[in-house]
Amino acid sequence: MTPPSLAACESLDQQDPLRSLRDLFQLPEGVIYLDGNSLGVLPKATPTRVAQAVTQEWGNDLIKSWNTAGWFQLPLKVGDKIARLIGANANEVVAADSTSINLYKVLSAAMSIAKADHPHKNIILSEDTNFPTDLYMAEALCKERGYRLKLVAADELLTALQPDVAVLMLTHVNYRTGAMFNMKALTDAAHAVGALSVWDLAHSAGAVLVDLNAAGADFAVGCGYKYLNGGPGAPAFVWVNPQHTDRFWQPLTGWWGHAAPFEFTPDYQPAKGITRYQCGTQPVLSLVALDTGLDAFLEVEKLGGMPALRKKSLALTGLFMDLVKTQLLEHGFGIATPNEDELRGSQVSLTRSDGAYAIVQALIARGVIGDFRAGDGKQQPDILRFGLTPLYVGYADVWHAVRNLKEVMATQEWQQSRFSKMQAVT
Ligand SMILES: *Cc1c(COP(=O)(O)O)cnc(C)c1O
């Protein structure tokens with residue numbers, strides 16, 4: 001295979017029907033940003049919109065803005081915009097809190113439902129490379145409620161789905177490898193043994209095609225600051241299958257989830273529907289930023305919608321892997337991301353037995369921003385992770401990223417000691 005040329009990549013950019021979307025984002029000069037799976041890029045509209053919320057809505061209109069600027073309704077309004085990206089309907093999604101906290105809410109609700117319907121079940125099943133915070137939250141809930149968290153390898157999930165499983169809790173697209181589960185097949189398999197499914201869409205919403213209702217999923221959570229471009233610490237989201245929403249309280253029964261918060265009654269009465277998945281007062285400025293970030297997807301809808309975005313994402317990750325296969329295998333890299341389109345998300349992860357952190361740092365110094373995820377020193381290798389956000393990454397960007405990686409290796413630049421100093425956030 002001959003590697004695709006720069007000219008070929010530039011021509012793909014010229015023909016790209018989604019190319020105009022890039023102009024919605026504030027990409028710094030000289031930077032190729034391949035970390036939108038960790039922190040999405042600033043949309044150009046966000047600073048003005050947030051400044052308006054600060055100076056006008058907060059500064060001038062003060063407390064009136066809860067009503068006049070729609071602050072109180074923002075979690076549901078933002079939720080409706082997210083719903084369109086994940087196969088949910090209006091009023092099924094709420095933007096609130098963090099992914100970790102939302103996972104606690106939905107997992108707890110799922111365990112309550114399981115307890116009522118199948119009291120003998122006592123296992124939460126997940127896979128051992130799931131994102132740690134998901135496993136940590138599940139571990140604590142299992143301790144609290146006398147369940148056991150069972151972790152198996154991804155390819156052993158179907159075998160492990162036994163009658164004792166109450167909840168199958170998975171992240172749809174793996175944060176390390178970019179491998180994607182078949183949501184419908186696994187949800188069907190869970191239902192076949194009477195288990196509920198909880199899906200984390202942190203690396204899926206706005207990145208791949210998700211259809212929660214078609215998959216018959218039970219619960220889902222996801223992240224606002226990755227592919228949704230809501231800004232650092234943006235609120236996360238929750239979706240609950242409407243057949244479950246009103247069955248149980250979620251455990252964080254704050255007043256924003258109450259049926260009538262401004263009646264200030266001493267007893268808790270949950271609101272109907274997804275509203276009950278809110279806890280307390282939500283971060284309005286962050287919600288405003290997330291709301292604005294999501295507007296980019298309204299533009300996507302005019303250009304073919306998520307299927308068009310997914311098509312470009314697959315072309316970008318495919319190109320990245322082709323370039324790696326033709327030029328970088330000789331430098332000791334492996335590819336951890338699945339080759340099959342239906343099995344991968346919107347990132348490419350490379351493996352290397354040594355120097356992965358320093359190589360990523362050397363690339364960042366050249367303006368190519370990816371990130372590093374440590375392995376476990378055993379089966380799991382260190383990972384160099386490159387998120388290819390089709391909203392603002394182009395084909396020539398991918399070509400230049402791989403060229404830079406090749407140069408970092410060929411010149412041994414990465415071996416300079418300044419690149420091996422570990423920072424707190426990798
Ligand atoms: C990014 C990510 C999170 C982040 O959780 P926070 O509560 O926002 O820190 C959780 N789960 C997965 C799978 C993630 O990728």
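Atoms within each ligand, like the ligands themselves, are counted from 1 in listed order. Here the structure is a predicted model, which is why all the values come from computation and not from measurement.
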In order of chain and number, which residues sit within 4.0 Å of ligand 1 by heavy atom? Ser98, Thr99, Ser100, Phe131, Thr133, Asp134, Thr171, Asp200, Ala202, His203, Tyr225, Lys226
Test: ring-ring contact (aromatic ring centres under 6.0 Å, His included). Region: residues 75-94. Which pairs qualify, not counting sequence neighbours? none
Trp58 CH2: over 12 foreign heavy atoms closer than 6.0 Å: no
Please report the shortest heavy-atom distance between Thr245 and Pro242, naming the atom on each side. OG1-CA, 3.3 Å
Give me each pair satisfying side-chain hydrogen bond (donor to acceptor under 3.5 Å, both in side chains) with a member in residues 221-234, each pair once, sequence neighbours excluded. none
Residues Val393 and Lys312: closest non-hydrogen pair is O-NZ, 3.0 Å
Name all residues meeting the side-chain contact (heavy atoms from CB on, under 4.5 Å) criterion together with Ala362; count only those two or more places apart in sequence or in a different chain, and write none if there are none. Val408, Trp414, Phe419
